[in-house]
Amino acid sequence: MPELPEVETVARDLRELVGSRIAGVLVYWERTIASPGSATFIERLKGRQIEQVGRRGKWILIHLSPSGYLLVHLRMSGRLLIDPPGTQPDKYTRVLLTLDDGRQLHFSDVRKFGRMVLTDDPDEVLGDLGPEPLDPDFTADVFQDMLASRRARLKPLLLNQRFLVGLGNIYADEALWHAGIHPLRRSDTLTPEEVIRLHRAIQEVLEEAIAAEGTTLRDAQYVGADGREGQFARRLAAYAKTGEECPRCKTAIERIVVGQRGTHFCPHCQQELGH
DNA sequence: AAAGCACCCTGTACGC
DNA sequence: TGCGTACAGGGTGCTT
């Protein structure tokens, strides 16, 4: 599942394309293009040059010259791959951009949930997003106020991109495990120490996962734009570890459903009423 | 504001 | 081997 570390890895890989011009655009699955219509998308994209590549939450931002942004969300199974000249599309190819040097920027997406947007105003798409967890402005004090102003269960709140961007099911479970906090705790009941622990856990998990180039699991074969798998899966403590030993205390990891999402935690290290 | 659910999709796992 | 079905998940939109 591409979350912040995976999207960051892809964005970094894509910087290799800065300076290339988009020569051709092929759309194999129309609904991948969220806006504008695919005919307009194709027409406007052709001839533009890739000037800069960034990330906001789980969105990849490809800044074009002379103007415009190509925004890409990988959702569940999307991949952005840099393919050498002459690579043929496969059954999962949804959009294929050919660059002026012959290389291809290949959007592949088994489940067809991924989306592309071409716009002059990225805030139309990104305007409602919450703060970046690795931004220096995202301090424990800021987080404390954010949590205190809500009274939701932590797990769904951490997944809410309007609250805080970048966490998905994997890193939300991992961060709560690292912090030793139960996923059903209400956000406004955390002690100051717990807020600090959760804040630190979120940042450390994300930073370490970025350093490992993300998490590649069997059922959601995330890879970077260069096709490399992420190496963080081996360091997961809770996510998808149902029945396995907690690395800290050896208690069996449990799985519950919270907000329609599978949620993994250690019933010993993460007690519902705190300690 | 919070929470539940249907929906969008398809590969995989599982029961028979 | 094969069929049918449940499940996984990010995000949106609707309802309670």
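Computed from heavy atoms alone, side chains included, the values below leave out hydrogens, waters and symmetry copies. These figures come from a predicted structure and were not determined experimentally. Naming convention: chains lettered A, B, ... in sequence-line order (proteins, then strands); numbering from 1 in each chain.
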Atom [atom1] of [X] to atom [atom2] of [N]: distance rounded to whole Å?
{"X": "A:K112", "N": "C:dG9", "atom1": "NZ", "atom2": "C1'", "answer": "17 Å"}
{"X": "A:N160", "N": "B:dG4", "atom1": "CG", "atom2": "P", "answer": "14 Å"}
{"X": "A:R115", "N": "B:dC7", "atom1": "CZ", "atom2": "C1'", "answer": "11 Å"}
{"X": "A:E30", "N": "B:dC8", "atom1": "CD", "atom2": "C1'", "answer": "17 Å"}

Open item on the list: Any carboxylate oxygen within less than 4.0 angstrom of a Lys/Arg side-chain nitrogen, looking at A:R12 and A:E8?
Closed with: yes
- [ ] Look at A:R21 together with A:D101 and state whether they make a salt bridge at an N to O cut-off of under 4.0 Å.
- [x]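 Looking at A:D101 together with A:R21, the answer is no, because their closest N to O distance does not fall below 4.0 Å.
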- [ ] Between A:R94 and A:L157, name the one whose nearest nucleotide on DNA chain B is closer to the 5' end.
- [x] A:L157
Open item on the list: Let me spell it out: for each of A:R151 and A:Q260, pick the nucleotide of DNA chain B with the closest heavy atom. Which residue's pick is nearer the 5' end?
Closed with: A:R151
Distance test, side-chain N/O of [X] to OP1/OP2 of [N], below 4.0 Å:
{"X": "A:Y92", "N": "B:dC9", "result": "no"}
{"X": "A:R111", "N": "C:dA8", "result": "no"}
{"X": "A:R31", "N": "B:dC8", "result": "no"}

- [ ] If a pair satisfies side chain to side chain donor-acceptor pair (under 3.5 Å) and one of its residues is in residues 22-40 of chain A, list it, with sequence neighbours excluded.
- [x] A:E30-A:S38
Show me the protein contacts with nucleotides 10-14 of chain C, counting only N or O atoms at under 3.5 Å.
residue: C:dG10; atom: OP1; partner: A:N169; partner atom: N; Å: 3.1
residue: C:dG10; atom: OP2; partner: A:R261; partner atom: NE; Å: 3.3
residue: C:dG10; atom: N7; partner: A:R261; partner atom: NH2; Å: 2.5
residue: C:dG10; atom: N2; partner: A:R75; partner atom: NH1; Å: 3.2
residue: C:dG11; atom: OP1; partner: A:H73; partner atom: NE2; Å: 2.7
residue: C:dG11; atom: OP2; partner: A:K58; partner atom: NZ; Å: 3.0
residue: C:dG11; atom: N7; partner: A:R261; partner atom: NH2; Å: 3.4

Task: Side chain A:E245, main chain A:I253, donor-acceptor under 3.5 Å - done: no
Task: For the student: nearest non-hydrogen atoms of A:A179 and A:R197, plus distance - done: O-NE, 2.8 Å
Open item on the list: Over all strands shown, is A:R255 touching base, sugar-phosphate only, or nothing at heavy-atom distances under 4.0 angstrom?
Closed with: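 It contacts sugar-phosphate atoms only.
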Open item on the list: Categorize A:F163 for me: base, sugar-phosphate, or nothing, with a 4.0 angstrom heavy-atom threshold over every strand shown.
Closed with: nothing
Open item on the list: By the salt bridge (charged side-chain N to carboxylate O under 4.0 Å, His left out) test, which pairs, at least two apart or in different chains, include something from residues 119-132 of chain A?
Closed with: A:R55-A:E132, A:R56-A:E132
Open item on the list: If the test is side chain to side chain donor-acceptor pair (under 3.5 Å), which one of A:Y222, A:Y239, A:Y171 qualifies with A:T215?
Closed with: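 Result for side chain to side chain donor-acceptor pair (under 3.5 Å) with A:T215: A:Y171.
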